Protein chains: 2
Amino acid sequence: MRIVVADCSVSYQGRLTARLDRAVRVLMVKADGSVLIHSDGGSYKPLNWMSPPCWLTVTHTEPDEQTWIVENKAKEVLTITVHQVHGELAHDLGVDPGLVKDGVEAHLQELLALHVGALGEGWTLVRREYPTAIGPVDLLCKDGTGASVAVEIKRRGEIDGVEQLTRYLELLNRDPLLAPVAGVLAAQEIKPQARTLAEDRGIRCLVLDYQALKGADDPSLRLF
Amino acid sequence: MRIVVADCSVSYQGRLTARLDRAVRVLMVKADGSVLIHSDGGSYKPLNWMSPPCWLTVTHTEPDEQTWIVENKAKEVLTITVHQVHGELAHDLGVDPGLVKDGVEAHLQELLALHVGALGEGWTLVRREYPTAIGPVDLLCKDGTGASVAVEIKRRGEIDGVEQLTRYLELLNRDPLLAPVAGVLAAQEIKPQARTLAEDRGIRCLVLDYQALKGADDPSLRLF
DNA sequence: CCGTAAATGTCGTCG
DNA sequence: CGACGACGTTTACGG
């Protein structure tokens with residue numbers, strides 16, 4: 001990793017054409033050759049960048065000026081003209097152990113698959129990732145009466161999730177072995193608009209309590 | 001902007017729970033208090049971060065150890081334990097003039113509006129950005145027989161685009177002066193799932209050749 | 001390797 | 001401020 005604070009101009013030619021006029025910025029060159037150009041604001045997204053795999057070539061066009069050219073296989077080119085270097089720092093970081101996450105959608109699905117009874121009395125799991133022509137349904141279940149229910153799981157329930165589930169339901173209901181198939185949108189948080197649309201379409205909304213699901217050995221599990 | 005190369009451990013509690021075990025990383029502290037934690041690989045996305053607006057507090061828990069706590073309004077907390085500092089660099093960058101983009105996206109609509117004949121024999125343009133209650137349709141056309149056709153243009157045709165066009169068609173078909181209105185999804189690339197859904201709904205899929213449209217003076221223009 | 005869905009998405013625009 | 005769509009989306013996961 002090499003970090004350079006420099007007065008620079010930048011141009012990018014690739015999926016679009018973009019340019020950064022001359023200013024002082026931070027250039028981050030990673031071990032794999034990728035380059036990030038950061039300003040002193042915005043969010044984590046750099047002003048401009050080149051992702052690996054890519055190759056950096058530095059040339060001195062003038063005594064006090066460098067030109068960095070970063071290219072990749074797809075012929076995208078990031079060109080950085082370094083007018084003046086204000087600071088520099090380099091260090092070998094080695095390989096990172098990586099981020100360990102907890103609480104994403106996959107975990108919710110896992111937990112709910114394990115405790116499908118939380119959806120209703122006597123419910124059973126048919127399978128996770130039940131395949132359809134347009135993609136897999138998160139959970140396909142049978143309710144207490146043996147009727148099919150498709151469950152779509154989201155961290156946040158929004159319009160998109162309702163649309164997604166609606167598409168699945170439309171397809172599943174064409175299968176005479178399954179039909180009629182009801183729908184449940186399960187999420188840690190459900191936006192009012194999504195709830196309105198879902199209920200309008202006869203889809204049940206269920207707010208999940210992740211903590212309660214995790215502590216599901218606890219019989220005081222509360223989902224409703 | 002302040003950059004610190006440090007041996008550190010990190011934890012994040014907020015929309016999810018995540019943790020980074022001890023390793024040497026680059027900590028970038030921006031003028032607005034936001035913090036990025038980068039490793040020597042991956043892409044432009046940091047391993048972990050806190051976006052502005054947020055506030056950084058540094059405490060010395062032990063003589064040779066700092067604890068950085070970054071919090072925001074939503075009570076999300078990023079905690080960085082700095083075990084050892086290997087390098088440091090600070091510089092005032094000032095305000096950046098920002099990225100200037102030259103979009104390609106709008107061009108596609110422009111080009112197709114000019115050469116609407118490419119959609120079919122005898123087609124004519126009614127108008128671009130034809131207004132509906134839920135937003136403008138990219139193109140409204142008449143085909144060779146005088147029937148209405150709504151055209152949705154995307155760089156990449158995905159499910160979302162089909163849903164969008166479906167909503168437009170539903171509205172447009174309520175207008176007795178227009179109905180029946182057919183639909184065309186036109187994109188440089190159409191995903192199989194989107195194609196399946198579109199055709200299921202009677203929406204025609206059309207793959208656009210940007211180069212051919214650009215060289216549209218050339219009578220050998222081929223879209224099909 | 002390709003395709004699809006998730007994301008602490010981020011970022012603009014528009015109501 | 002919230003909703004919606006685009007993004008050089010990026011990233012992870014499954015066939």
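A note on names: the letters A, B, ... follow the listed sequences, proteins ahead of strands, and every chain is numbered from 1. No hydrogens, no waters, no symmetry mates; every other heavy atom, side chains included, goes into these values. For clarity, every value in this text was computed on a predicted model and none was experimentally measured.
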Find out whether B:Val77 and B:Asn72 are in side-chain contact, i.e. whether some heavy atom of one side chain is under 4.5 Å from a heavy atom of the other. no

Taking the nucleotide of DNA chain C with the closest heavy atom to each, which residue, B:Leu78 or B:Glu189, is nearer the 5' end? B:Glu189

Does a salt bridge link B:Arg195 with B:Glu199, judged by any charged N lying under 4.0 Å from a carboxylate O? yes

Find the distance A:Tyr130:OH to C:dA5:P and express it as a whole number of Å. 17 Å

Ionic contact status for B:Arg155 with B:Glu189, cut-off 4.0 Å: no

For A:Arg128, look at atom CZ and say whether over 12 heavy atoms of other residues, nucleotides or ligands are found less than 6.0 Å away. yes

Considering heavy-atom distances to DNA chain D, does B:Glu152 or B:Glu158 have its closest nucleotide positioned more toward the 5' end? B:Glu152

Whole Å only: how far is the CD atom of B:Glu129 from the P atom of C:dC14? 11 Å

Earlier contact from the 5' end, DNA chain C, for B:Ala194 and B:Met50: B:Ala194

Give me the ring orientation class for B:Tyr44 and A:Tyr44: parallel if the planes are under 30° apart, tilted from 30 to 60°, perpendicular past 60°. tilted

Euclidean distance, atom CD of residue A:Gln109 to atom P of C:dA5 [Å, nearest integer]: 13 Å

Whole-Å gap separating P (D:dT11) and CG (B:Leu47): 11 Å

May I ask you to decide whether B:Asp200 forms a salt bridge with A:Arg174, counting only side-chain N to carboxylate O separations under 4.0 Å? yes

Value in whole Å for how far the P atom of D:dA12 lies from CG of A:Asp102: 17 Å

Please tell me if the side chains of A:Glu76 and A:Glu71 come closer than 4.5 Å, counting only heavy atoms from C-beta onward. no

In whole Å, I'd like the distance from the CD atom of A:Glu163 to the P atom of C:dT4. 19 Å

Between atom NZ in A:Lys101 and atom P in C:dA6, what is the gap in whole Å? 14 Å

Map every base of DNA chain D to its dot-bracket character, where paired means a Watson-Crick or G-U wobble contact with both distances under 3.5 Å and | marks a partner outside the strand. |||||||.|||||||

Roughly, in whole Å, what's the span from CD in B:Gln188 to P in D:dA6? 14 Å

Can you tabulate the close N/O pairs, meaning under 3.5 Å, that link protein atoms to atoms of nucleotides 10-12 of chain C?
unit_1	atom_1	unit_2	atom_2	d
C:dC11	OP1	A:Ser43	N	3.4

With salt bridge (charged side-chain N to carboxylate O under 4.0 Å, His left out) as the test, would you mind laying out the steps for B:Arg201 and B:Glu163 before giving the verdict? CA-CA 10 Å; B:Arg201 295 187 179 170; B:Glu163 297 286 13; 3.2 Å; yes

Distances under 3.5 Å between protein N/O atoms and the N/O atoms of nucleotides 1-5 of chain D, please, pair by pair.
unit_1	atom_1	unit_2	atom_2	d
D:dA3	O3'	A:Gln193	OE1	3.4
D:dC4	OP1	A:Gln193	OE1	3.2
D:dC4	OP2	A:Gln193	OE1	3.2
D:dG5	OP1	B:Arg167	NH2	3.0

So do A:Trp68 and A:Thr79 actually touch side chain to side chain, heavy atoms under 4.5 Å? no

Using 0.5 Å steps for rounding, measure from the SG atom of A:Cys205 to the CG atom of A:Leu185. 5.0 Å

Does B:Glu65 CD have over 12 foreign heavy atoms under 6.0 Å away? yes

